[in-house]
Amino acid sequence: MNWRDLMCGEVRPEHVGRRITLAGWADSRRDHGGLVFVDLRDRTGICQLVLNPERAPEAAAKAHAIRNEFVLRAEGEVVRRAPEAVNPNIPTGEVELQVDTLEVVSTSTPLPFQLDEEGVDETLRLRYRWLDLRRPKMQRLIGLRSTMVSAIRRTMEEGGFLEIETPILFKPTPEGARDFIVPSRLQPGRFFALPQSPQILKQLLVIAGFDRYFQIARCFRDEDLRADRVQEITQLDVEMAFPDQEFLFALMETMIQAVWRDCLGVELEAPFPRLTWAEADARYGSDKPDLRFGLELEDATEITRTSQFGVFAGAPCVRFIRVPQAFSRAELERLEEVAKEWGAKGLAYLVWDEEGEVRSPIAKFLSEEEIAHFRCEPGYSVLFAADEPKMVSRVLGALRLHLGRELGLIDEGAWKWAWITDFPMFEWSEDDERWAAVHHPFTRPAPGFEETFDKDPAAALAHAYDLVGNGQELGGGSFRIHEASIQARVFSLLELSPEEQRAKFGFLLDALAMGAPPHGGIAFGVDRMMMVLAKEPNLRDVIAFPKNQAGVDPMSGAPSDVEEEQLRELGIQLRPEARQESGPTGR
Ligand code: ASP
């Protein structure tokens with residue numbers, strides 16, 4: 001049987017006079033006494049069906065019973081709409097189908113929400129995801145995602161990379177999140193971990209001679225969820241032997257260009273600008289700076305060393321931003337709240353009013369030299385942060401972003417990219433009281449730090465880089481350690497005992513000792529890239545079947561209880577409180 005000759009969104013004036021069959025969902029029905037109009041919808045759009053009792057009495061009679069989301073098949077003649085009935089807002093708006101035969105292929109129970117309803121509760125949307133996904137916005141996003149993945153694959157294949165799958169049941173791979181673990185029935189009491197990334201496996205693949213690898217890989221990270229975080233992410237994972245940073249950056253730029261061209265028809269300019277981590281931190285207070293606006297940070301540490309204002313003189317670091325607005329006291333109070341949320345103790349400021357006079361409780365403590373340093377045109381405010389350098393970056397970086405949005409300084413139409421290079425290799429973890437790898441423990445020290453990284457970890461730079469797009473970290477990677485001895489030194493610095501090193505990473509150390517070529521790579525978050533590309537603030541809206549913010553799938557109810565028998569086979573006994581702890585399943 002022929003279900004359809006055209007897609008609903010494809011019918012055009014050139015088809016006028018043709019007899020065609022369409023199939024799709026009833027998007028809406030309008031009963032005009034005699035005539036019934038039905039908008040028939042599929043992935044490509046909508047075509048208006050007209051059911052005229054004089055032309056097709058049987059079909060028109062059936063049409064009265066049609067409800068939204070019934071599946072219909074309609075056969076008839078494409079006609080031109082009367083001029084006053086033309087709908088210029090849709091591509092099929094000049095034509096309609098005069099139906100001769102109508103078949104109700106499938107009916108629908110009453111809907112939990114209408115497809116054109118705004119602001120439907122997210123749990124309800126996720127519970128009835130098959131309906132939610134029928135909405136044009138979701139059809140567009142999921143379609144764009146397919147286009148994106150296909151552009152990625154094409155670029156990688158053209159670059160000579162092989163797509164190789166790696167196991168989902170594996171061992172912990174340290175990317176800094178908690179592992180999901182899976183009990184083994186055949187080895188009771190033992191557990192697999194779902195990979196947080198295929199990091200070690202991709203290194204083993206290039207060590208194995210597959211010198212250019214990629215994969216559209218699923219990664220699992222048991223993190224607390226926010227609007228821009230999910231536990232199951234998809235990433236473009238890349239690794240190459242004998243790596244060349246210029247080649248890798250250029251290939252990734254080509255990939256991003258292909259994605260933006262295919263998905264949006266936008267031509268991006270390459271190469272993308274580069275900033276060292278130190279520069280990004282100094283100028284933007286962030287390692288993922290949004291370059292769509294200015295408002296750069298400036299330093300005042302030197303000039304305030306002898307300040308009469310004790311807060312400045314006593315702080316290890318003083319920096320500020322000049323904001324093109326003379327804030328009122330109430331506005332400054334609100335900004336102080338924002339600064340405090342990010343850890344500041346207060347917010348010192350100078351306001352240059354329209355007369356060019358300075359307004360500030362701290363002005364009287366500042367020397368002429370200081371005032372001259374902070375002088376602005378009339379109608380500006382200077383906002384300060386004085387603290388440890390890390391805190392100063394955090395507070396001013398956050399204020400910068402906040403003000404960029406509040407004052408409408410962000411060029412919303414722009415695509416601004418930046419490679420961030422020369423990251424620190426380690427950071428001190430206050431909670432664990434030990435050093436932690438900033439990227440991951442397989443990242444090599446930047447040239448020149450091979451000897452010293454474990455003697456002076458705070459000063460060591462890593463051969464690591466990120467790609468930032470419109471202020472979002474989209475990709476990150478590094479050159480890897482290919483010498484077993486350096487790898488063991490990094491593990492030791494991270495306080496892994498020789499026994500732990502063997503137990504956790506013995507196979508990697510063995511592989512590194514058997515002819516490992518220099519190698520390096522990168523990974524891009526596909527979901528995150530979709531958010532940026534589609535300007536979609538909710539990460540879950542670019543994923544067909546995401547979990548909700550509680551890590552639950554409201555549609556299937558997963559995660560769910562398992563039979564006692566299954567637990568017995570696995571050698572697992574639940575602690576009595578475990579069942580009570582797990583709340584409702586979200587359904
Ligand atoms: N494995 C890293 C990540 O998932 C990427 C890389 O170093 O290639 O972030």
Side-chain angles (χ1 to χ4, degrees), residues 152 156 159 161 163-168 170-180 193-207 210-223 228-245 247-249 251-252 255-256 277 287-288 419-427 436-446 461-469 472-482 487 490 494 504-505 508 512 516-529 539:
I152 291 175
M156 297 312 294
F161 285 72
E163 183 165 11
I164 306 175
E165 287 166 80
T166 52
I168 293 295
F170 195 57
K171 258 177 107 87
T173 48
E175 296 283 354
R178 238 184 240 112
D179 286 312
F180 279 100
L194 306 184
Q196 291 186 33
S197 88
Q199 182 59 38
I200 301 178
L201 293 158
K202 69 174 170 177
Q203 290 187 234
L204 295 176
L205 282 169
V206 290
I207 293 172
F210 299 102
D211 60 341
R212 290 183 179 190
Y213 143 95
F214 86 100
Q215 180 180 193
I216 308 289
R218 206 57 80 73
C219 304
F220 304 88
R221 301 179 185 179
D222 188 359
E223 307 191 274
D228 65 345
R229 283 260 160 96
V230 285
Q231 295 178 318
E232 204 175 314
I233 60 173
T234 304
Q235 90 185 6
L236 161 65
D237 199 45
V238 178
E239 193 76 7
M240 66 186 293
F242 311 111
D244 168 351
Q245 183 169 300
F247 170 84
L248 192 67
F249 281 21
L251 181 78
M252 293 301 105
M255 180 274 289
I256 297 273
W277 177 88
D287 58 5
K288 44 180 167 94
W419 288 103
I420 311 297
T421 62
D422 301 278
F423 276 79
M425 190 161 174
F426 304 104
E427 66 191 339
V438 168
H439 188 51
H440 51 53
F442 316 112
T443 298
R444 62 179 309 104
L461 295 182
H463 196 154
Y465 32 76
D466 276 357
L467 183 68
V468 175
Q472 297 280 337
E473 180 195 326
L474 298 185
S478 60
F479 280 25
R480 325 296 185 190
I481 297 164
H482 64 273
Q487 187 63 73
V490 170
L494 302 178
K504 289 186 169 157
F505 303 113
L508 174 67
L512 292 178
H519 56 287
I522 194 162
F524 279 82
V526 167
D527 318 277
R528 190 63 68 84
M529 203 148 56
L539 189 55

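This one's a predicted model, so the numbers in the text were calculated from it and none came from an experiment. Both ligands and their constituent atoms are indexed starting at 1 by order of listing.
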### Query
Do any nitrogen or oxygen atoms of Asp237 come within less than 3.5 Å of a nitrogen or oxygen of ligand 1?
no
### Message
Taking atom CZ as the centre, does Phe180 end up with more than 12 heavy-atom neighbours from other residues, nucleotides or ligands that are less than 6.0 angstrom away?
### Response
yes
### Message
Ignoring hydrogens and geometry beyond distance, is a side-chain donor-acceptor pair present between Ser197 and Gln235 at under 3.5 Å?
### Response
no
### Query
Which is it for Ala523 and ligand 1 at heavy atoms under 4.0 Å: side chain, backbone, both or neither?
both
### Message
Can you give me the closest heavy-atom contact between Glu473 and Asp466, atom names plus distance?
### Response
CD-OD2, 3.6 Å
#### Entry: Gly476 neighbourhood, listing ligand 1 atoms whose heavy-atom distance to it stays under 4.0 Å
5 (C), 6 (C), 8 (O)
### Summary
So for Glu473 against ligand 1, with non-hydrogen atoms under 4.0 Å, the contacting part is neither
### Query
Can you tell which part of Lys202 has a heavy atom less than 4.0 Å from ligand 1: side chain, backbone, both or neither?
side chain
### Summary
Atoms of ligand 1 under 4.0 Å from any heavy atom of Ser197, numbered from 1 in the order shown, are 1 (N), 4 (O)
### Task
Would you kindly specify which portion of Glu239 sits under 4.0 Å from ligand 1, judged on non-hydrogen atoms: side chain, backbone, both or neither?
neither
## Note on the structure
heavy-atom search around atom 3 (C) of ligand 1 in the protein gives Glu175 OE1, 3.4 Å
### Gln235: numbered ligand 1 atoms lying under 4.0 Å from its heavy atoms
4 (O)
### Query
Does any N or O atom in Ser478 lie less than 3.5 angstrom from one in ligand 1, N or O only?
no
### Summary
For Ile522, the ligand 1 atoms with a heavy-atom partner under 4.0 Å come out as 8 (O)
### Message
Using a 4.0 Å cut-off to any heavy atom of Arg480, which atoms of ligand 1 qualify?
### Response
6 (C), 7 (O), 8 (O)
### Query
Would you say Arg221 has any N or O atom under 3.5 Å from an N or O of ligand 1, going by distance alone?
yes
